[in-house]
Enquirer: 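The following block contains the structure, expressed as structure tokens.
Keep in mind the model is a prediction, meaning the values are calculated, not measured. Computed over heavy atoms, backbone and side chain alike; hydrogens, waters and symmetry mates excluded.
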Amino acid sequence: MVENELITEILKEMTPLFKRAKNTVYELRVVDQRYAGQVNFFFEWNQVGRSTISRQILTVPRRRVKDLEGLITALKSKTMVKVTLV
């Protein structure tokens, strides 16, 4: 299934960046660019008192993502970070 492959790909790209550092907030931000026809995935982290660091981990064509809400729900259950749709 395409969704499972996409989730595996996102987790593979996200794992090296997720260091579990003390006093750090992690977030996976999903940006749906309707007019460009693509979905971007950003991994962001923020240590207390410092600015947020954001890394783009994946860009996929919108046609590859059948159910974006379902993908978000699956990512929330498989990761320990906050997942936000923008």
Side-chain angles (χ1 to χ4, degrees):
M1 183 174 220
V2 176
E3 299 290 327
N4 288 335
E5 293 172 6
L6 186 57
I7 290 171
T8 305
E9 194 173 346
I10 292 168
L11 292 175
K12 185 183 86 173
E13 294 292 327
M14 188 176 81
T15 302
L17 300 173
F18 186 52
K19 307 243 191 247
R20 297 181 191 224
K22 196 165 136 181
N23 294 327
T24 304
V25 178
Y26 295 97
E27 181 176 1
L28 179 65
R29 190 172 299 250
V30 182
V31 180
D32 183 15
Q33 294 183 322
R34 291 183 188 110
Y35 300 112
Q38 62 188 10
V39 180
N40 293 317
F41 296 89
F42 294 91
F43 186 74
E44 299 180 345
W45 64 95
N46 177 6
Q47 286 187 327
V48 176
R50 300 213 173 158
S51 61
T52 301
I53 300 170
S54 180
R55 296 279 189 268
Q56 182 177 9
I57 58 172
L58 191 64
T59 300
V60 295
R62 185 66 171 101
R63 66 182 180 274
R64 187 173 169 197
V65 181
K66 305 290 185 225
D67 179 23
L68 188 58
E69 292 297 326
L71 178 66
I72 299 291
T73 305
L75 284 170
K76 285 181 181 178
S77 68
K78 295 195 185 246
T79 63
M80 298 184 333
V81 299
K82 179 180 173 186
V83 181
T84 306
L85 175 64
V86 178

Enquirer: Assess whether atom CZ of Arg62 is packed by more than 12 heavy atoms of other residues, nucleotides or ligands within 6.0 Å.
Expert: yes
Enquirer: Nearest 0.5 Å, please: how far is CG in Leu71 from CD1 in Ile10?
Expert: 5.0 Å
Enquirer: Going through the distances and angles, do Gln47 and Asn23 end up as a side chain to side chain contact (heavy atoms under 4.5 Å, CB included)?
Expert: CA-CA 6 Å; Gln47 286 187 327; Asn23 294 327; 6.0 Å; no
Enquirer: When you measure from the side chain of Tyr26 to the backbone N and O of Ala21, does any donor-acceptor pair fall under 3.5 Å?
Expert: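 Yes: the side chain of Tyr26 pairs with the backbone of Ala21.
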Enquirer: Are Phe42 and Val39 connected, step by step, through hydrophobic side chains (Ile, Leu, Val, Met, Phe, Trp, Tyr) whose heavy atoms are closer than 4.5 Å?
Expert: no
Enquirer: What is the distance from atom CG of Leu6 to atom NZ of Lys66, rounded to the nearest 0.5 Å?
Expert: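 Interatomic distance, Leu6 CG to Lys66 NZ, rounded to 0.5 Å: 11.0 Å.
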Enquirer: Checking side chain to side chain contact (heavy atoms under 4.5 Å, CB included) between Val30 and each of Asn40, Val65, Leu68, which is the one that passes?
Expert: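 Running side chain to side chain contact (heavy atoms under 4.5 Å, CB included) over Asn40, Val65, Leu68 with Val30 returns exactly one hit, Leu68.
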Enquirer: Could you please spell out the steps behind the side chain to side chain contact (heavy atoms under 4.5 Å, CB included) verdict for Thr79 and Phe18?
Expert: CA-CA 10 Å; Thr79 63; Phe18 186 52; over 6 Å; no
Enquirer: To the closest 0.5 Å, what do you measure between CD (Glu9) and CD1 (Ile57)?
Expert: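 Glu9 atom CD to Ile57 atom CD1 measures 9.5 Å (nearest 0.5 Å).
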Enquirer: Would a hydrophobic clustering, with Ile, Leu, Val, Met, Phe, Trp and Tyr connected at side-chain separations under 4.5 Å, put Val31 with Leu85?
Expert: no
Enquirer: Kindly give the heavy-atom pair with the smallest separation between Ala74 and Ile7, and that separation in Å.
Expert: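 Closest heavy-atom pair between Ala74 and Ile7: CB-CD1, 3.4 Å.
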Enquirer: To the closest 0.5 Å, what do you measure between CD (Glu3) and CZ (Arg64)?
Expert: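 Reported value, rounded in 0.5 Å steps: 9.0 Å.
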Enquirer: Hydrophobic cluster membership, with links at side-chain heavy-atom distances under 4.5 Å among I/L/V/M/F/W/Y: are Leu58 and Trp45 in one?
Expert: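 Yes, same cluster.
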Enquirer: To the nearest 0.5 Å, what is the distance between CD on Glu13 and CG on Leu28?
Expert: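 These two atoms lie 12.0 Å from each other.
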Enquirer: For Leu75, is there any backbone N or O sitting under 3.5 Å from a side-chain donor or acceptor partner on Ser77?
Expert: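 Not a single qualifying donor-acceptor pair exists.
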Enquirer: Does any part of the side chain of Thr24, heavy atoms only, come nearer than 4.5 Å to the side chain of Lys19, both counted from C-beta?
Expert: no
Enquirer: How many angstroms lie between CD in Gln38 and CD in Gln33, if you round to the nearest 0.5 Å?
Expert: 4.5 Å
Enquirer: Please say yes or no: joined through hydrophobic side-chain contacts below 4.5 Å, possibly via intermediate residues, are Met80 and Leu11 part of one cluster?
Expert: yes
